[in-house]
Visitor: 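First the structure, which I've put down as structure tokens, then a few questions once you've had a look.
All heavy atoms count here, side chains included; hydrogens, waters and symmetry mates do not. Per chain, numbering begins at 1; letters A, B, ... match sequence-line order.
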Amino acid sequence: MASRRVSSLLSRSSSLFSLRGKDSFMNRGTRRYSNLAASLEDTITPPVKVQHTQLLINGKFVDSASGKTFPTLDPRTGEVIAQVSEGDVEDVNRAVVAARKAFDEGPWPRMTAYERSKILFRFADLIEKHNDEIAALETWDNGKPYEQSAKIEVPMLARVFRYYAGWADKIHGMTVPGDGSHHVQTLHEPIGVAGQIIPWNFPLLMLSWKLGPALACGNTVVLKTAEQTPLSALLVGRLLHEAGLPEGVVNIVSGFGPTAGAAIASHMDIDKVAFTGSTDVGKIILELASKSNLKAVTLELGGKSPFIVCEDADVDQAVELAHFALFFNQGQCCCAGSRTFVHERVYDEFVEKAKARAMNRVVGDPFKSGIEQGPQVDSEQFKKILKYIRHGVDSGATLQAGGDRLGSKGYYIQPTVFSDVKDDMLIAKDEIFGPVQTILKFKDLDEVIARANNSRYGLAAGVFTQNLDTANRLMRALRVGSVWINCFDVFDATIPFGGYKMSGIGREKGIYSLNNYLQVKAVVTAIKNPAWL
Amino acid sequence: MAARRVSSLLSRSFSAASPVLSRSQGRNGYNGSRMVRRFGTSSAAEEIISPSVQVSYTKLLIDGNFVDAASGKTFPTLDPRTGEVIANVAEGDAEDINRAVKAARKAFDEGPWPKMTAYERSRIMLRFADLVEKHSEELAALETWDNGKTYEQAKTAEIPMLARLFRYYAGWADKIHGLTVPADGNYHVQTLHEPIGVAGQIIPWNFPLLMFAWKVGPALACGNTIVLKTAEQTPLTAFYVGKLFLEAGLPPGVLNIVSGFGATAGASLASHMDVDKLAFTGSTDTGKVILGLAANSNLKPVTLELGGKSPFIVFEDADIDKAVELAHFALFFNQGQCCCAGSRTYVHERVYDEFVEKAKARALKRVVGDPFKKGIEQGPQIDSKQFEKVMKYIRSGVESNATLECGGGQVGDKGYFIQPTVFSNVKDDMLIAQDEIFGPVQSILKFSDVDEVIRRANNTRYGLAAGVFTKNIDTANRVSRALKAGTVWVNCFDVFDAAIPFGGYKMSGNGREKGIYSLNNYLQVKAVVTPLNNPAWI
């Protein structure tokens, strides 16, 4: 049951479904789509019940202190799925007290690493056992295709936890050469209570990137989910406890950023905060940490990642992966390949094929088999994307496909492609976070390097070329945390992910993420008559 | 010419020099009658020794040239022995930081620094270390003049450590490895450990050259370029070694040095949009401001080395004489101006009275005077502001009913000399047991058992360092793990070898300097993934 790679699965599914005909949006004035229609009309009933809507604090599901709740909505319809407890400052305080106790007095950092790893392995087994239920909940709350949840994301959730379970008993300090008669060693200790704030685009994967290394290193956690997608974390939180996690080690608080999120970031008894979300909110988080107790901060923020197609690239493959790089997950990826730079010699061919591919994209109820694209997560995102599309049109980019909403309910948007995009257009600078591909033209490598790097972001890049020198040169010159060469969105557990510049601070996944959850203590002891130094 | 350890050097100089000096220079201790502030002190503070060095560099070092500040303004740097002006120094401000960043940006973006081989970079750093040794006496004299620390300490401990640290990081330059990474499928995965870019570095006045080394060493080894702001109290030595770096072959623009003040030059560096990383050493309050400026500008990653209130724990089975000597050293070293000073001396109740008596005797023997004079253990505090602050805390100690065992007043009537001061019967809730005093004031507290002292030692917003004195391996191992502090010295203190990481838990900072760990501060990690066709293995 190896987990499957996002990219390979998606290319497979796209080739399976690309034959479905869809009408495209050709002339700008009209906003009419006769499309896929049927799948939008009848909303499929999700094969899962919502069991947990309360906060998970100290091993128990509890109401919020205020008793307040908020609705979590189905992006397919905008209708309420469930009312969920709304955590606020007092709930964060309760969660921190529980996490503090589990760390300061509790069994978690005092267990052997082997015991901790066994609990994480058991949790991964339970995830697999409940795969379909978890996947259905994730799709219902988020709107992503069920096939993507069930076949990629939930298996990756188990995969990431097994990866970090394996690290738990392999966290080594060092013995260090001294300049004289001292024995020097470093201890890599858990930091303490980690606050973690995760986004709505990949609720469970973001949970695994955060919880996996924090727990492996022996920390306890207060996790805040996104208000758009609180449900799946509560279910896996229960499974964590079924796997034997002691109470208070992981506490999950649903709620909003300005209340619960801010309380975490500014809490004096939280030793570390990790946040994934927008750059603007990341700045606030860091500022709250600076004004409170200087807790260490990891940030995974926005991006405007270049996808560079050189003239010698395999154009068909580049088209497919550029499409995937942008449209995957409804375009709601921080590392979306959202600036498609194409060499002038292959530009026209590329645009034609990219447009054709977008027009073949199958949009519809994400629970339906064969669907490639579901709705955007909520009305705020939906409106923001439509605003950017208008912006693209207004600024003179050529709208090749799409450009409007799809159907009349929920938050579906047509796969949209702009060509003739210029660097100074807003659609080439801002993170749109939706199914809007912007294709730009370039002439030579120096130019595309300069333009690709001319962004406040530095999260990821795609490079398409058959030439080894071009690949090596671009891979060094691009100021980004991930470079995918002739591939995109490869997210194995071992591969570090994170941003240069204003795309963030620190790395998650892989060995690098352990640093985020460890303190280094140097211990120096005077030694008498040493046999060697 | 191995660098010598501060602690061993200091203990050596004590044993060699202090008996003689302490006999010939009897000083009256301050023994109880609180209001008296009279000290018959060393003649050393009376006659001012002329430093054997000229001030050659007082201008900003930008793009390989010494230049005036854009405003033309200067500020005086003072001799802590007298409060008199040593020299007027160019006062850098936002415009100068902009010029420096531009030079650093060019040296990074267009080269040559990150485009050189690591071996070439290491050769320049090694040549620099040789030049430091060649100019050891001038550097030490300048450091002492500007800072007030003893010349012997500057000359025999700190300057050799400066060279040692640059040789250490020169050796790292060509050993910065990325990883190849196991994938879950047909992909070749590697990580590149790249320089971040332009590093902004803001250093304090207590160890101007060592802080320079901790910052500049790893940044250069990793291929970054630098804009360094010195403390306004101690701008001189950094310019001097900046000149030596140019002599060693460092290309222009790689290391830019701006003297100036925190609120102007420091703030513009921390909030600069073209600075990719910031490292700061100083107070916790300023550290919070720096991090806020980074958050509000371009989210540059920030390393912070901040304040401390480090416990020094003496268990009943400790070698008391050694513990007294090292507790004294842990606090009084460098006029008490160390972020990791052992400023809460916890002593087990069974040995408490003996310890206090001996600690007082040792403090009374401490030789205070002109730092250029041989055999002097303690010079003046850095400036009038610090002097006033330390005196205020001494008054606070007296007022809160700690027992003043000795010291408590000024030494002499000019400059910023303070008597080595010891308080006993200090309680955890007194200000002198909570705040960082940053002066020659030892606070001795009593404890009864291990659980209690662990809890009390950890009950602080700081977590920089700790000393543990015991002969029992179980006690040592238990306390080492339980203390929330970045460094634990067991039966030693202030061991600062280049390879040992240093930094804080809690509000003592973020990140580690020195050792292999400091490289992380100056590297970005890039994951590179390529598909494999028909791989021989995965």
Side-chain angles (χ1 to χ4, degrees), chain A residues 2-3 5 8 159 174 176-180 182 184 186-187 189 271 279 282-284 286-287 289-291 293-294 296 299 301 456 471 475-476 480-487 490 492-498 500-502 504-507 510-512 515 519-526, chain B residues 2-3 5 8 164 179 181-185 187 189 191-192 194 276 284 287-292 294-296 298-299 301 304 306 461 476 480-481 485-492 495 497-503 505-507 509-510 512 515-517 520 524-531:
Chain A
S3 65
R5 180 162 300 92
S8 60
R159 198 295 175 236
M174 297 181 170
V176 179
D179 285 348
H182 292 98
V184 184
T186 58
L187 305 178
E189 301 189 338
D271 302 302
T279 293
K283 294 174 79 166
I284 294 170
L286 188 59
E287 192 178 8
S290 78
K291 287 186 167 155
N293 64 345
L294 287 170
L299 299 173
L301 308 175
R456 67 173 182 156
M475 133 182 124
R476 287 194 176 233
V480 299
S482 295
V483 179
W484 287 295
I485 300 176
N486 298 333
C487 60
V490 180
D492 299 358
T494 53
I495 304 176
F497 183 81
Y500 281 49
K501 300 193 274 185
M502 291 178 76
I505 297 175
R507 293 294 178 273
I511 185 173
Y512 298 92
N515 292 338
Q519 276 281 21
V520 176
K521 181 185 279 178
V523 180
V524 185
T525 316
Chain B
R5 178 164 300 96
S8 61
R164 199 277 175 260
L179 303 171
V181 178
D184 286 349
Y187 289 90
V189 184
T191 59
L192 305 179
E194 301 190 337
D276 301 304
T284 294
K288 294 173 79 167
V289 174
I290 296 279
L291 190 59
N296 281 314
N298 65 344
L299 286 171
L304 298 172
L306 308 174
R461 65 174 182 158
S480 295
R481 286 198 174 227
T487 302
V488 178
W489 286 296
V490 180
N491 297 331
C492 59
V495 180
D497 302 357
I500 306 176
F502 184 80
Y505 281 48
K506 299 192 275 186
M507 291 178 77
N510 286 320
R512 292 294 179 271
I516 186 174
Y517 298 92
N520 292 339
Q524 276 281 23
V525 176
K526 181 185 279 179
V528 181
V529 185
T530 323

Visitor: Counting heavy-atom pairs closer than 4.5 Å to chain A, which one of B:Ile290, B:Asn491, B:Val528 comes out on top?
Guide: B:Val528
Visitor: Between B:Val529 and A:Ser482, is there a side-chain heavy-atom distance shorter than 4.5 Å?
Guide: no
Visitor: Using non-hydrogen atoms and a 4.5 Å limit, figure out which bit of A:Val523 sits close to chain B: side chain, backbone, both or neither.
Guide: both
Visitor: Using every non-hydrogen atom in the two residues, find where B:Arg481 and A:Glu189 come nearest and quote the distance to one decimal.
Guide: O-OE2, 3.5 Å
Visitor: Is it the side chain or the backbone of B:Arg461 that comes within 4.5 Å of chain A heavy atoms, both, or neither?
Guide: neither
Visitor: For B:Asp184, does its backbone N or O pair with a side-chain atom of A:Asp492 as donor and acceptor, under 3.5 Å?
Guide: yes
Visitor: Under 4.5 Å between any side-chain heavy atoms of B:Tyr517 and A:Asn515, yes or no?
Guide: no
Visitor: Please give me the minimum heavy-atom distance between B:Arg164 and A:Asp179, naming the atom from each residue.
Guide: NE-OD2, 2.6 Å
Visitor: Which of the residues A:Leu187, A:Thr186, A:Val176 is involved in the greatest number of heavy-atom pairs with chain B at under 4.5 angstrom?
Guide: A:Thr186
Visitor: Identify which of A:Ala526, A:Ala493, A:Gly481 forms the greatest number of heavy-atom pairs closer than 4.5 Å to chain B.
Guide: A:Gly481
Visitor: Given B:Asn298, which partner from the list A:Lys283, A:Met502, A:Arg456, A:Lys501 fulfils the side-chain contact (heavy atoms from CB on, under 4.5 Å) test?
Guide: A:Met502
Visitor: So which residue, B:Thr530, B:Val189, B:Thr284, B:Val488, ends up with the most heavy-atom pairs under 4.5 Å with chain A?
Guide: B:Val488
Visitor: Measure distances from A:Leu299 to the heavy atoms of chain B and classify the residue's part below 4.5 Å as side chain, backbone, both or neither.
Guide: side chain
Visitor: Please find the pair of heavy atoms, one from A:Met475 and one from B:Lys526, that lie closest to each other, and give the distance.
Guide: O-NZ, 2.5 Å
Visitor: Has the side chain of A:Thr494 got a donor or acceptor atom that lies under 3.5 Å from a matching backbone atom of B:Pro182?
Guide: yes
Visitor: Which answer fits B:Ala476, side chain, backbone, both or neither, if we ask what part of it has an atom under 4.5 Å from a heavy atom of chain A?
Guide: neither
Visitor: Once rounded to the nearest 0.5 Å, what's the spacing between atom OH of B:Tyr187 and atom CD1 of A:Ile485?
Guide: 12.5 Å
Visitor: Should B:Trp489 and A:His182 count as side-chain neighbours, where that means a heavy-atom distance under 4.5 Å?
Guide: no
Visitor: Please identify, among B:Leu306, B:Val289, B:Leu179, the residue contributing the most non-hydrogen atom pairs under 4.5 Å to chain A.
Guide: B:Leu179
Visitor: Most heavy-atom pairs under 4.5 angstrom with chain A, which of B:Asp276, B:Leu304, B:Leu291?
Guide: B:Leu291
Visitor: Looking only at non-hydrogen atoms, find the nearest pair between A:Ile495 and B:Ala527 and report the distance.
Guide: CG2-CB, 3.6 Å
